[in-house]
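When reading the values below, keep in mind they use all heavy atoms of this one structure, side chains included, and skip hydrogens, waters and symmetry mates. Order of listing sets the numbers, starting from 1, for every ligand and every atom in it.
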Amino acid sequence: MKTVLITGSSSGIGLGIAIEFAKTKQFNIIFNGLEANGPEIAEQVARDYGIGTMFSNANMLKPEELRKMVSDGIAKFGKIDVLVNNAGIQHVSAVEDFPEEKWDAIIAINLTSAFHLTKAVWKGMKERKFGRIINIASAHGLVASEFKSAYVASKHGIVGFTKTIALEGAPFNITANAICPGYVKTPLVEKQIKDQAKTHGIPENEVISKIMLYKQAVKDFVTVELLGQTAVFMASESASTLTGTALPIDGGWNAQ
Ligand code: NAD
C-alpha cells in the first residue's frame, strides 16, 4: 500500500481526488480540511473502500500544524508517497480595494503551505527513491483574470514552485506536476456565482454562461472525477518521466 496526503480533501476537488485514489484500493489516505465533518468523511471512505484513512484539521496558515500532520501520517502509515497540495481559497476584488489580510491569507494557503508540506515529506521520498507531488493550481496559474490578483499570483507561484521541485526531485524519482483546472462546481465556485450575481445584478445562470464559462471552449464545468483520475495517473509508478508540467484541464480556455 502507498499513502497519499491530500490537503483540503473534506470538500470539493480534494474530496473528488481522494475518492479516485480510494477506488484503486492501493492507497491509504490522509484527509485534511476545515470542514467539521472531516473525520466522518475519512471513516466513511475507509468503510466504503476497505482502505486505511485518517483525518487532520491542520490549518494551512500554521506551518507547525502541517509538520505535525505529516509526522502523524508517517506514524500511522509508515510513509507518505504522494502529496496533493489542493487546499485553497479565493477572494475577488479590484486591486485598489483588495484587503491586505486577504492577500496574505491567499498566498499563505494557496502557495506557502505547499512549500512547508513538500519540505516535510521530501526527506523520506528521497530516501525511498519514490515521490509524487501534485499541486492543484488553476487555469489562473497560466493566465490572469481581472479582480483576482492574489489568487492569480499564488497560482502562477505554485506553477513555478512545481517546476523547481521537479528539477530537484528528478535524481530521486520524485516527480512534481501541477494540474490547472478551469471552473469546477464546488463550494468555492458556488460562492463566486452568488457574489457575482449580486455584483452584476444578473441571475446566477447568466453568471455561469456569460462570465464563468465565457473563456472555456467547452461550456461545461470540469468534473472532480477527471481531476482525480489525472492525479492518480500522475501518482503512478509508470509516470516517472512526467514531471515539471502544468497541465490545463480547462475545456480549452488556455488554447485561445
Ligand atoms: P472548496 O472550497 O470546495 O475546498 C477547499 C478546501 O480547502 C476545503 O476542504 C477547505 O477546508 C480547505 N481549506 C481552506 N482553507 C484552509 C486552511 N486554512 N487550512 C486547511 N484547509 C483549508 O474549493 P475547491 O473548489 O475544491 O478548491 C480546491 C483547490 O482547487 C483550490 O486550490 C482551488 O484554488 C483550486 N481550483 C478550483 C477551481 C474551481 O473552479 N473550483 C478551479 C481551479 C482551481
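Side chains of Lys185 and Thr223: a donor-acceptor N/O pair is absent below 3.5 angstrom, by distance only. Under the 3.5 Å distance criterion, with hydrogens and angles disregarded, no donor-acceptor pair is assigned to the side chains of Thr7 and Asn86. In this model, a donor atom of one side chain and an acceptor atom of the other lie less than 3.5 Å apart for Thr245 and Asn177. With hydrogens and angles left out, the side-chain atoms of Lys148 and Gln192 include a donor and acceptor closer than 3.5 Å.
Just one of Ile89, Ile158, Ile136, Asn85 meets the side-chain contact (heavy atoms from CB on, under 4.5 Å) condition when paired with Asn110; it is Ile89.
Near ligand 1, Gly8, Ser10, Ser11, Gly12, Ile13, Gly33, Leu34, Glu35, Ala58, Asn59, Met60, Asn86, Ala87, Gly88, Ile89, Ile109, Ile136, Ala137, Ser138, Tyr151, Lys155, Pro181, Gly182, Tyr183, Val184, Thr186, Pro187, Leu188, Val189 each place a heavy atom less than 4.0 angstrom from the ligand.
Taking the six-membered ring for Trp and the full ring otherwise, Phe221 and Tyr183 have centroids separated by 6.0 Å or more.
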